[in-house]
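Contents: one structure, followed by commentary.
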Amino acid sequence: MKQYQFLTPLKLPNGVTLKNRIVIPPMTERLALEDGTVSLNELDYLNKRSGGVGMFISPVANVNELGKGFEGELSAADDRFIPGLAKMAAVMKQGNSKAILQIFSAGRKTTSALLRGKQPVSASAVPGRREFNEMPHALTEAEVEQTIEDFAQAVRRAILAGFDGVEIHGANTYLIQQFFSPHSNRRTDQWGGDVMQRMRFALSIIKRSHEMIEQLGAKQFILGYRLSPEETEEPGIRIDDTLRFVDVLADQPLDYLHVSMGNLWRKSLNDPDEQRFTILRIKDQLRGRLPLIGVGSLKTPADVEKAMAAGIDLAAIGREYLVEPHWIEKVQAGREADIRYEVDPNDAEELGLYPPLMDFLTSGIPFPFKNHQQENGDDVFFSK
Ligand SMILES: Cc1cc2nc3c(=O)[nH]c(=O)nc-3n(C[C@H](O)[C@H](O)[C@H](O)COP(=O)(O)O)c2cc1C
């Protein structure tokens, strides 16, 4: 076995040690039951990938009913989901991997059909720029407070279910990002305004989540935050806004920062003259205050080691982990030549892959919605 840096442990700020630097990032497979309960197929999919990585982040789970963003989505919106979540945590924690539940609200990035007739919500009554986006209802101040509480309650359920942590999903243009974005947040109350005021919603969720962790005495519980560094909307989030946000996040009671990108080595989406890599600008801004997870088109051990060499603490491997559930075991066994990089539909059962995720992998059918093809390349998941 080669002496890769990514095989070494990493201690998080709360004292928990990850056994290695490989992370499975949150990947929705749309396998939950209609009400958001974890399904047997979902447990099978997770089981096939468990045991090896340092940290295993779950498919995203909504924190309330209006937070649902697609069919087959997991839910952490009610105590009745705790038994299912507990099964999930047990499967994901095998082999001392740390199991993290990702939690979110989709905000305006959903439809009234998905919400069974209810109107989507957002920071302001401004629709997204995609054809199918509807006019959202701007959350009232009381509803904003309730949503923050809904996040804290989802944290409580994750703790009771036995997860090792939660990741607050502030990326990929969902509700938390909608509050940070000047495109979707035009509010004039305490939840909107300049860049500092637009952080308030995210910071309040982190604060309440941390309070919940303390209240339950879950000292070893991991609290992570995921963000997307830029938007192409006008107005929209620019890298300077994100760097200011990162500076504030670095001083919050968090255990890591996860930067969502489709390609780890990309530069600015908006400024063609910018020569610096976005991830390294974020790393510099953090100044070692929080562990950083980098993600985006990392496939081979060499890809991951390059990220480590650049000082990125943890590397998340997404699509490649769909194709090769035993990636890290193969590296550890010195069997790198056996790592699969292409999905073979004949292996579906062995890989625990089911439609519609399998269709996305084999036929490129956009995921999680068919009409994501119209999204100008700005995929629901990839912030490019
Ligand atoms: C099928 C699929 C589902 C995804 N679901 C989520 C999700 O639930 N939450 C999230 O934050 N990102 C999600 N993502 C984005 C991934 O976490 C990751 O950022 C992205 O795939 C880029 O990494 P990769 O190039 O290694 O695949 C998803 C990506 C894919 C391919």
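Only this structure's heavy atoms are used, side chains among them; waters, hydrogens and symmetry mates stay out.
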- Message: Does any part of the side chain of Val343, heavy atoms only, come nearer than 4.5 Å to the side chain of Leu353, both counted from C-beta?
- Response: yes
- Message: Is the shortest side-chain heavy-atom distance between Lys299 and Glu324 below 4.5 Å?
- Response: no
- Query: Quick check: does any side chain N or O of Glu143 sit under 3.5 Å from a backbone N or O of Thr140, one acting as donor and the other as acceptor?
  - Reply: yes
- Message: Side chains of Glu167 and Tyr256: any donor to acceptor distance under 3.5 Å?
- Response: yes
- Message: With a 4.5 Å cut-off on side-chain heavy-atom distances among I, L, V, M, F, W and Y, is there a chain of contacts connecting Leu264 to Val23?
- Response: no
- Task: Would you check if the side chain of Ser209 reaches a backbone N or O of Ile205 as a donor-acceptor pair within less than 3.5 Å?
- Result: yes
- Under a 4.5 Å side-chain heavy-atom rule over Ile, Leu, Val, Met, Phe, Trp and Tyr, are Trp191 and Val195 clustered together? yes
- Message: Using every non-hydrogen atom in the two residues, find where Ser260 and Pro229 come nearest and quote the distance to one decimal.
- Response: O-CD, 3.6 Å
- Test item: side-chain donor near acceptor, Glu211 and Gln215, under 3.5 Å: no
- Query: Between Ile159 and Phe163, is any pair of side-chain heavy atoms under 4.5 Å apart?
  - Reply: no
- On a heavy-atom basis, the closest approach of Ala316 and Val295 is O-CG2, 3.5 Å
- Message: Whether the side chain of Ser97 engages the backbone of Gly54 through a donor-acceptor N/O pair (distance < 3.5 Å, no angle test) should be reported.
- Response: no
- Task: Say whether, by atom type as modelled, one donor and one acceptor occur between the side chain of Arg287 and the main chain of Lys283 under 3.5 angstrom.
- Result: no
- Item | No-hydrogen, no-angle side-chain donor-acceptor test under 3.5 Å, Ser39 and Asn41 | no
- Note on the structure: Sequence neighbours excluded, the answer for side chain to side chain contact (heavy atoms under 4.5 Å, CB included) partners of Glu65 is Lys118
- Item | Qualifying residues under ring pair (Phe, Tyr, Trp, His ring centres under 6.0 Å), relative to Phe179, sequence neighbours excluded | Phe201
- Any chance you could lay out the side-chain contact (heavy atoms from CB on, under 4.5 Å) test for Phe151 and Ile103, step after step, and finish with the verdict? CA-CA 7 Å; Phe151 272 90; Ile103 52 174; 3.8 Å; yes
- Closest heavy-atom contact between Val259 and Leu292? CG2-CD1, 3.7 Å
- Task: Mark yes or no for whether Glu274, through its side chain, and Arg276, through its backbone, hold a donor-acceptor pair below 3.5 Å.
- Result: yes
- Query: Would you find a donor on one side and an acceptor on the other, under 3.5 Å apart, between the side chain of Arg266 and the backbone of Met261?
  - Reply: no
- With a 4.5 Å heavy-atom cut-off, do Arg108 and Val126 have their side chains touching? yes
- Item | Any donor-acceptor N/O pair, Lys93 side chain to Met88 backbone, under 3.5 Å | no
- Task: For Arg30 and Pro356, indicate whether the former's side chain and the latter's backbone hold a donor-acceptor pair under 3.5 Å.
- Result: no
- Query: For Phe6, what residues pass the side chain to side chain contact (heavy atoms under 4.5 Å, CB included) criterion, not counting sequence neighbours?
  - Reply: Tyr4, Arg21, Ile22, Pro301, Val304, Glu305, Met308, Trp327, Val331
- Side chains of Gln119 and Ser112: donor-acceptor distance under 3.5 Å anywhere? no
- Message: For Arg49 and Phe56: C-alpha separation, side-chain torsions, deciding distance, then whether side-chain contact (heavy atoms from CB on, under 4.5 Å) applies.
- Response: CA-CA 9 Å; Arg49 285 159 184 80; Phe56 192 167; 3.9 Å; yes
- Neighbour count >12 (heavy atoms, 6.0 Å) for atom CZ, Arg186: yes
- Task: Might you point out which heavy atoms bring Leu357 and Thr28 nearest each other, and give the distance in Å?
- Result: CD1-O, 4.5 Å
- Task: Please determine, by modelled atom types, if Glu234 and His183 share a side-chain donor-acceptor pair under 3.5 angstrom.
- Result: no
- Message: Nearest 0.5 Å, please: how far is CZ in Phe180 from OG1 in Thr242?
- Response: 5.0 Å
- Run through Lys109, Glu231, Gln178 and flag the one making a side-chain hydrogen bond (donor to acceptor under 3.5 Å, both in side chains) with Thr173. Lys109
- Query: So how far is it from Leu243 CG to Leu286 CG, rounded to the nearest 0.5 Å?
  - Reply: 9.5 Å
- May I ask you to test the Ile57-Ile24 pair for a side-chain heavy-atom distance under 4.5 Å? no
- Query: Would one find more than 12 heavy atoms of other residues, nucleotides or ligands at under 6.0 Å from atom CD of Glu350?
  - Reply: yes
- Message: Can a donor-acceptor pair be found, under 3.5 Å and without considering hydrogens, that links the side chain of Glu145 to the backbone of Glu141?
- Response: no
- Task: With sequence neighbours left out, write down each residue that passes ring pair (Phe, Tyr, Trp, His ring centres under 6.0 Å) with Trp265, or none if nothing qualifies.
- Result: Phe277
- Item | Pair Asp150, Thr147: side-chain N/O donor-acceptor within cut-off below 3.5 Å | no
- Message: Between Leu351 and Asp344, is the side-chain contact (heavy atoms from CB on, under 4.5 Å) condition met? List the steps.
- Response: CA-CA 10 Å; Leu351 298 173; Asp344 181 345; over 6 Å; no
- Message: Any heavy-atom pair between the side chains of Leu227 and Leu257 that's under 4.5 Å?
- Response: yes
- Show your reasoning for whether side-chain contact (heavy atoms from CB on, under 4.5 Å) applies to Val323 and Ile339. CA-CA 9 Å; Val323 175; Ile339 295 177; over 6 Å; no
- Task: Determine whether the side chains of Gln102 and Ser58 contain a donor N or O and an acceptor N or O closer than 3.5 Å.
- Result: no
- Message: Looking only at side-chain N and O atoms, does Gln220 offer a donor or acceptor that is under 3.5 Å from a partner on Asn14?
- Response: no
- Measure across Gly262 and Arg319 and return the closest heavy-atom pair with its distance rounded to 0.1 Å. O-NH2, 3.7 Å
- Item | Residue pair Arg129 / Thr232, side-chain donor-acceptor N/O under 3.5 Å | yes
- Query: Below 6.0 angstrom between ring centroids: does that apply to Tyr174 and His169?
  - Reply: yes
- Are side-chain heavy atoms of Glu320 and Arg340 found at a separation under 4.5 Å? no
Could you pull out all donor-acceptor pairs under 3.5 Å where a side-chain atom in residues 358-368 meets a protein atom, sequence neighbours excluded?
from	atom 1	to	atom 2	distance (Å)
Thr362	OG1	Met358	O	2.8
Ser363	OG	Asp359	O	3.3

- Item | Residue pairs involving residues 192-204 (criterion side-chain hydrogen bond (donor to acceptor under 3.5 Å, both in side chains); sequence neighbours excluded) | Gln190-Arg200
- Are side-chain N/O atoms of Ser228 and Asn172 paired as donor and acceptor at under 3.5 Å? yes
